[in-house]
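So you know, we letter chains A, B, ... as the sequences are listed, proteins then strands, and number each from 1.
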There are 2 protein chains.
Amino acid sequence: MAKQTILVVDDEKDLLDLIEYNLKKEGFDVIKAENGEEGIKKAKEHNPNLVLMDIMMPKMDGMEAVEKMRADDELKAIPIIFLTARSDEKTEVEGLDKGGDDYITKPISTTKLISRIKAVMRRFEETQEEVNRLDVHDLSIDKDRYIVTKGDEEFQLPRKEFELLYYLASRKGKVRDRQTLLNKVWGDNIYVVDRTVDVHVRKIREKLGDHYIETVKGVGYRFKE
Amino acid sequence: MAKQTILVVDDEKDLLDLIEYNLKKEGFDVIKAENGEEGIKKAKEHNPNLVLMDIMMPKMDGMEAVEKMRADDELKAIPIIFLTARSDEKTEVEGLDKGGDDYITKPISTTKLISRIKAVMRRFEETQEEVNRLDVHDLSIDKDRYIVTKGDEEFQLPRKEFELLYYLASRKGKVRDRQTLLNKVWGDNIYVVDRTVDVHVRKIREKLGDHYIETVKGVGYRFKE
DNA sequence: AAAGGCCGTAACAATTTCTTAATGCGCTAA
DNA sequence: TTAGCGCATTAAGAAATTGTTACGGCCTTT
């Protein structure tokens with residue numbers, strides 16, 4: 001894998017150098033910027049894998065910069081970690097709401113910083129990864145075509161049924177309660193009765209067979225291990 | 001999801017009660033302790049999801065308590081938020097070095113306190129991997145899958161039995177009386193006869209064997225050490 | 001505009017799980 | 001030894017949860 005690039009945005013030059021030194025030692029490429037404006041410019045220029053963003057800065061503060069980044073198609077997918085000095089009493093927790101993926105309180109040990117960076121990257125890669133075909137048991141679930149194949153039979157499931165099946169199958173063995181399934185498959189702010197899930201499960205079973213989706217009474221459903 | 005438990009350690013009783021009141025209103029279970037020593041004892045006893053730790057306290061101060069916790073295998077993974085009366089740059093640095101996960105200056109508004117707690121918990125959950133499986137003796141109790149494995153046998157226990165077993169196993173060796181078990185597994189405001197616990201214990205023993213859950217006459221039950 | 005598929009909801013049946021209460025057993029103290 | 005207490009065990013019915021079906025609204029296609 002190519003070297004990962006990290007953009008560090010902070011107005012304290014000493015800290016910037018310290019972080020650069022430590023990240024380079026870990027094998028990252030490092031780009032530096034001293035305020036939000038410069039940060040955005042360099043982000044567009046270098047397309048980094050992750051941004052470390054201080055909140056208190058001159059010209060354009062970190063919060064504002066992140067808002068701008070999240071609104072920019074080119075930059076919106078880049079994971080961001082906020083750095084906050086504990087003296088910023090006001091903005092601390094809002095960072096995550098604005099679109100940060102983690103926030104770190106300065107001062108922080110180098111090892112901790114690095115493990116956080118890796119954790120965020122790992123999380124990101126997992127969600128980024130586009131696995132378009134799932135093969136489980138004797139099923140092949142093709143997300144590009146919304147088609148499920150079982151042996152030489154092909155099933156064209158309706159969208160909700162397909163997505164429900166795909167979600168469960170991609171987390172084989174793990175139980176999910178109805179509310180979680182609704183949030184993940186239907187969407188976070190969709191209001192439907194949770195028994196709707198049952199009906200869709202029923203329809204999937206009707207078409208593919210009873211033994212793929214298991215019921216865990218009182219808890220939810222899971223795809224057979 | 002089961003209730004999250006928070007241990008609050010502070011020598012000011014009034015503040016302790018205030019925090020308890022507010023956290024309970026938010027749906028947390030709250031355990032209280034008035035000094036570091038008692039805090040560590042209660043942490044071991046109740047295995048909380050997070051600790052709010054005052055720094056200035058008699059007997060054993062918060063800093064020392066946290067050092068002890070971080071050195072203890074049983075407690076090292078619990079996230080800790082420091083509380084202190086005054087913003088003091090020096091203690092702050094020290095606190096984070098010693099292993100605190102966040103740092104809050106009193107006084108603080110309730111909403112702020114709660115959002116910080118949730119932020120730290122969220123961060124923690126995301127960093128944690130595979131903490132939902134308990135391996136005790138020859139049993140593997142997998143909460144993601146709601147399955148108990150013994151050797152190569154799999155048992156699908158009903159929900160209450162599973163959760164009771166999980167609760168006891170996660171506090172291996174600690175005795176719990178029936179009322180506590182009802183509160184923790186059934187829920188705080190569920191009223192059922194406490195002998196109900198006996199029946200569930202009986203069913204677990206029937207399926208997995210007699211020797212995992214031990215009876216302590218006149219007190220309650222415990223998972224074998 | 002009609003037909004057909006998809007989706008969400010409600011109703012009721014089927015099933016599993018939970019709770020209770022009754023009974024028996026074993027230990028301990030008088 | 002016996003009474004008393006606490007726990008184990010069992011079975012039955014109550015409660016909770018899920019399965020199944022049917023229907024109406026909506027959208028898309030024809």
Across the strands shown, which category fits [X] at heavy-atom distances under 4.0 angstrom: base, sugar-phosphate, nothing?
X      : answer
B:T196 : base
B:Y221 : sugar-phosphate
B:V201 : nothing
A:K160 : sugar-phosphate

Over all atoms of both residues, closest heavy-atom pair of [X] and [Y]:
X      : Y      : value
B:L208 : B:H211 : O-CE1, 4.4 Å
A:R222 : B:Y146 : NH1-O, 4.1 Å
A:K150 : A:F155 : CB-CE1, 3.9 Å

Grab the [atom1]-[atom2] distance between [X] and [N] for me, whole Å please.
X      : N      : atom1 : atom2 : result
B:R202 : C:dA22 : CZ    : P     : 19 Å
B:Y146 : C:dT16 : OH    : C1'   : 16 Å
B:H200 : D:dA16 : NE2   : C1'   : 12 Å
A:R195 : C:dC12 : CZ    : P     : 14 Å
B:I204 : C:dT17 : CD1   : P     : 14 Å
A:D194 : C:dT9  : CG    : C1'   : 12 Å
B:L157 : C:dT16 : CG    : P     : 16 Å
B:Q156 : C:dT17 : CD    : C1'   : 13 Å

Tell me which one of B:D17, B:D11, B:D54, B:D14 satisfies salt bridge (Lys or Arg N to Asp or Glu O under 4.0 Å) with B:K32.
B:D17

Is the phosphate of C:dC18 approached by B:W186 (side-chain N or O, under 4.0 Å from OP1 or OP2)?
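False: B:W186 side-chain N/O out of range (4.0 Å or more) of C:dC18 OP1/OP2.
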
Return no unless some side-chain N or O of B:T215 is found under 4.0 Å from OP1 or OP2 of D:dG6.
no

Measure from the side-chain heavy atoms of [X] and tell me the nearest of [options].
X      : options                : result
A:R159 : C:dC7, D:dT17, C:dT20  : C:dC7
A:V192 : D:dC7, C:dT9, D:dT18   : C:dT9
A:V199 : C:dT19, D:dT18, C:dA10 : C:dA10
A:R205 : C:dC27, D:dG19, C:dG8  : D:dG19

Parallel, tilted or perpendicular: rings of B:H137 and B:Y212 (30°, 60°)
tilted

